[in-house]
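What follows is one structure encoded as structure tokens, with my remarks underneath.
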Amino acid sequence: MPRYTVHVRGEWLAVPCLNCTNTIRWLGKEAVRRYMKNKPDNGGFASVEEVKFYIRRCKGLGLLDLDDTVEDALEDNEFVEVVIEGDIMSPDFIPSQPEGVHLYSKYREPEQYISLDGNSLTTEDLVNLGKGLYKIKLTSEAEAKVKQSREVIERIIKEQTVVYGITTGFGKFARTVIPNSKLSELVTETVTVSGVGKPLSPERSRMLLALRINVLAKGYSGISLETLQQVIEAFNASCLPYIPEKGTVGASGDLAPLSHLALGLIGEGKMWSPKSGWADAKYVLEAHGLRPITLKPKEGLALINGTQMITSLGCEAVERAGAIARQADIIAALTLEVLKGTTRAFDTDIHAVRPHRGQAEVAFRFRSLLDSDHHPSEIAESHRFCDRVQDAYTMRCCPQVKVLVSVLADIVEHFFCIDTKTMSWGEMVFAERAETISGGNFHGEYPAKALDYLAIGVHELAAISERRIERLCNPSLSELPAFLVTEGGLNSGFMIAHCTAAALVSENKALCHPSSVDSLSTSAATEDHVSMGGWAARKALRVIEHVEQVLAIELLAACQGIEFLRPLRTTTPLEKVYDLVRSVVRPWMKDRFMAPDIEAAHKLLVEQKASVWEVAKPYIEKYRREHIPESRPISPTAFSLGSLEMNMGVGHDHRHEDEL
């Protein structure tokens with residue numbers, strides 16, 4: 001017998017349908033009747049017949065025709081919403097879909113699996129799990145370790161040994177022994193939810209849940225294999241608890257968000273799935289053929305103690321920071337080409353005498369993209385003998401400015417590659433020693449510090465990009481039309497887009513203040529030093545998103561600058577980047593709404609398969625393979641030659657010394 005879960009004014013109702021030829025109108029009326037039955041005042045209605053409503057799917061929010069049959073319009077156990085005409089939505093109402101609902105209307109259940117053993121997960125794997133590209137299963141070795149650690153817990157309970165969090169209270173109540181008769185009550189009370197703010201997106205909830213499964217698979221938590229398998233089943237069905245983003249101080253772990261994670265798994269609170277949208281957790285689990293978890297002793301603590309929110313968000317920050325840092329070089333190279341800059345500042349010998357790996361790599365990328373024997377540029381040729389000698393720092397100092405971004409990204413990635421595989425909680429179960437030991441692995445200080453450093457480093461990409469946008473828009477600096485538009489005055493061109501970039505850079509300056517320099521004592525001074533790592537992770541992601549948006553604006557501005565240099569063409573790789581942008585954004589001939597263009601360019605920087613990096617990368621790697629050796633002994637002549645050219649006022653020559 002088909003059954004539907006119907007949302008009416010904040011209530012979720014299970015409505016069975018005995019006759020599949022019943023209409024959608026019947027389903028709405030039956031749901032309203034059941035809603036009225038549960039209300040002392042009938043919900044303010046005199047009868048069902050007077051209620052006017054429309055019905056929409058929770059998934060995708062598509063409106064349903066009231067005259068269609070439920071059999072034709074709905075799938076079994078589908079989630080729908082009855083909207084009463086005249087109702088005004090409360091600002092506190094949890095919507096049926098999270099932000100970015102359009103991304104989930106195309107959700108397809110993954111077919112491939114990632115096997116987790118607690119020791120092999122990478123930051124890239126975790127981000128892909130967050131995107132819903134894989135399901136999860138445990139290795140046989142992980143299953144054996146989980147069983148062994150649970151046996152230790154069962155022995156402790158049987159022998160009535162006093163152990164923190166198993167037979168005692170928590171925090172300040174660590175010395176309060178709990179009798180065996182109340183252990184089941186204790187484990188449920190462990191899941192104390194108190195987070196606030198908007199819920200994590202489905203991607204971030206998936207990442208958090210996947211990372212929690214991975215560390216539980218290591219076999220140091222005491223969770224039972226049965227419970228862990230239920231958690232995995234919820235992940236594989238994409239049943240994601242409502243997890244507010246605020247409330248963690250980053251020690252003892254991320255208690256508030258992880259408590260919300262556990263709450264949904266035990267069938268309480270709210271959950272989201274692509275099938276249901278937001279609904280009561282018990283209904284979402286039931287719709288996917290799952291049952292709420294009944295926690296055993298120690299399992300509540302096993303689910304809520306750890307730094308997985310800091311780490312999962314940190315992994316996303318690391319992956320996105322690395323991606324935008326690579327693409328920043330391509331965008332800067334395109335801007336340099338439009339502003340008729342020189343490649344001389346990226347000469348191999350210059351960077352050999354200040355041998356930071358990141359600096360040399362950025363200079364190499366510029367050489368591989370700009371005018372050379374490999375990729376000649378008509379634009380570069382047009383000003384080869386101009387009277388300018390140097391470029392502004394925002395162009396010629398890109399490799400030097402970028403060094404710290406590369407170094408910090410590498411360091412932070414190293415931290416998080418380790419942290420995805422670590423046991424970051426207090427009460428550890430060591431099966432080989434048949435004992436539990438309390439420690440402090442739940443402290444989030446070093447991931448918090450790492451993310452603060454990452455935010456500071458990656459912000460500089462936006463700071464220098466905004467200055468290049470200014471140069472592109474300023475006719476006295478670019479020799480292009482003001483604000484990159486014809487009929488200036490009638491049209492404003494990129495004037496306000498530059499203001500947006502400036503606003504984002506300014507906001508980043510405040511966000512780059514380190515959160516990890518703060519600490520407030522909690523839990524009656526038991527937890528007297530904390531990391532504030534949750535805020536470090538969230539603001540690092542905000543900084544990175546702002547950097548992406550600023551660089552998206554620069555990308556649009558540089559491509560617009562190309563329009564004024566036609567019919568001249570730039571190098572092949574940069575023309576390919578231009579073509580990619582023009583596949584989603586048309587040239588700016590007169591003013592129009594620019595926000596959709598910025599969003600489209602932003603997507604080109606964050607999409608994996610059709611990104612700016614993916615277009616340029618083959619040319620960069622081909623140049624790497626084919627180019628003559630990048631380094632050679634540096635003689636005093638090289639320096640005197642450069643000085644002589646400078647003193648004589650020799651203009652831009654875009655060939656490298658090894659090509660002259």
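Computed from a prediction, not measured in an experiment: that's the story for all the values here.
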Checklist entry - Passes side-chain contact (heavy atoms from CB on, under 4.5 Å), Leu605 versus Ile331? Steps please. => result CA-CA 10 Å; Leu605 300 179; Ile331 296 168; 3.9 Å; yes

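- When all heavy atoms are compared, the tightest approach of Thr422 to Val215 is O-CG1, 3.2 Å.
- In summary, Glu81 and Arg56 engage in a salt bridge, as defined by a charged side-chain N under 4.0 Å from a carboxylate O.
- Aromatic ring centres of Tyr113 and Tyr134 lie farther apart than the 6.0 Å criterion allows.
- Contact annotation: the side chain of Pro199 never approaches that of Glu245 to less than 4.5 Å [non-hydrogen atoms, C-beta and beyond].
- The number of heavy-atom neighbours closer than 6.0 Å to OH of Tyr453, taken from other residues, nucleotides and ligands shown, is 12 or below.
- Contact of the Leu404 side chain with the Glu460 side chain is not registered, since no non-hydrogen atoms from C-beta on lie closer than 4.5 Å.
- No hydrogens or angles considered: a donor-acceptor pair under 3.5 Å links the side chains of His602 and Glu548.
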Next on the checklist: Quick one, Tyr242 with Trp278, criterion ring-ring contact (aromatic ring centres under 6.0 Å, His included). Give me CA distance, side-chain angles, the key distance, then yes/no.
Outcome noted: CA-CA 8 Å; Tyr242 180 94; Trp278 287 113; 5.3 Å; yes

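- Here the closest non-hydrogen pair linking Glu286 and Asn77 is O-ND2, 4.1 Å.
- Of all non-hydrogen atoms in Leu240 and Leu209, the two that sit nearest each other are CD2-CD2, 4.3 Å.
- Met207 is not listed as a side-chain neighbour of Leu129, based on a closest heavy-atom distance of 4.5 Å or more.
- A salt bridge is absent between Lys147 and Glu143; no separation between the charged side-chain nitrogens and carboxylate oxygens falls under 4.0 Å.
- Using a cutoff of 4.0 Å between basic side-chain nitrogens and carboxylate oxygens, Arg291 and Glu226 are scored as salt-bridged.
- Within a 6.0 Å sphere centred on NZ of Lys135, other residues, nucleotides and ligands contribute more than 12 heavy atoms.
- Of all the heavy atoms in Ala237 and Leu290, the pair that sits closest is CB-CD1, 4.1 Å.
- Taking the side chain as every heavy atom from C-beta outward, Leu303 and Leu261 never approach each other to under 4.5 Å.
- Minimum heavy-atom separation, Leu255 to Ile304: CD2-O, 3.4 Å.
- Using a 4.0 Å cut-off between a side-chain N of Lys or Arg and a carboxylate O of Asp or Glu, Lys275 and Glu78 do not qualify as a salt bridge.
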Item to check | side-chain hydrogen bond (donor to acceptor under 3.5 Å, both in side chains) between Ser531 and His443, intermediate numbers included | outcome: CA-CA 7 Å; Ser531 71; His443 205 295; 4.8 Å; no

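- A salt bridge is absent between Lys218 and Asp117: the closest approach of a Lys/Arg side-chain nitrogen to an acidic carboxylate oxygen does not fall below 4.0 angstrom.
- Glu614 is listed as a side-chain neighbour of Ser611, based on a closest heavy-atom distance under 4.5 Å.
- For the pair Asp329 and Lys402, the salt-bridge criterion is met [side-chain N within less than 4.0 Å of a carboxylate O].
- By the 4.0 Å N-to-carboxylate-O rule, Arg206 lies too far from Glu203 to be salt-bridged with it.
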Checklist entry - For Thr307 and Asp254, what are the C-alpha separation, side-chain angles and deciding distance, and is it a side-chain hydrogen bond (donor to acceptor under 3.5 Å, both in side chains)? => result CA-CA 5 Å; Thr307 60; Asp254 298 316; 5.4 Å; no

Checklist entry - Between Trp12 and Thr5, does a side-chain contact (heavy atoms from CB on, under 4.5 Å) hold up when you go through it step by step? => result CA-CA 7 Å; Trp12 289 95; Thr5 304; 3.6 Å; yes

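- With hydrogens and angles disregarded, a donor-acceptor distance shorter than 3.5 Å links the side chain of Asp125 to the backbone of Thr122.
- No donor-acceptor contact under 3.5 angstrom links the side chains of Ser406 and Glu361, judged on distance only.
- Heavy-atom minimum distance, Cys239 versus Leu285: CB-CD2, 4.3 Å.
- Using a 4.5 Å heavy-atom threshold, the side chains of Ser515 and Lys539 count as touching.
- Taking 4.5 Å as the limit, some side-chain heavy atom of Met271 sits within range of a side-chain heavy atom of Leu265.
- Using a cut-off of 4.0 Å between Lys/Arg side-chain N and Asp/Glu carboxylate O, Lys449 and Glu445 are scored as salt-bridged.
- By the 4.0 Å N-to-carboxylate-O rule, Arg320 lies close enough to Glu316 to be salt-bridged with it.
- Counting heavy atoms from C-beta on, the side chains of Leu555 and Leu334 come closer than 4.5 Å.
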Next on the checklist: What verdict does the side-chain hydrogen bond (donor to acceptor under 3.5 Å, both in side chains) test give for Gln308 and Ser424, after you've listed the backbone C-alpha separation in whole Å, the side-chain angles of each residue and the deciding distance to 0.1 Å?
Outcome noted: CA-CA 8 Å; Gln308 278 67 56; Ser424 56; 2.9 Å; yes

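- By the neighbour-count criterion of 12 heavy atoms within 6.0 Å, atom NZ of Lys576 is sparsely surrounded, having that number or fewer from other residues, nucleotides or ligands.
- In this structure, Tyr220 places its OH atom where only 12 or fewer heavy-atom neighbours from other residues, nucleotides or ligands lie under 6.0 Å away.
- Asn236 places a side-chain N or O within donor-acceptor distance of the main-chain N or O of Ile136, the cut-off being under 3.5 Å.
- Atom CH2 of Trp272 sits about 11.5 Å away from atom SG of Cys58, to the nearest 0.5 Å.
- In this structure, Ile232 CD1 and Leu138 CG are separated by 3.5 Å, a value rounded to the nearest 0.5 Å.
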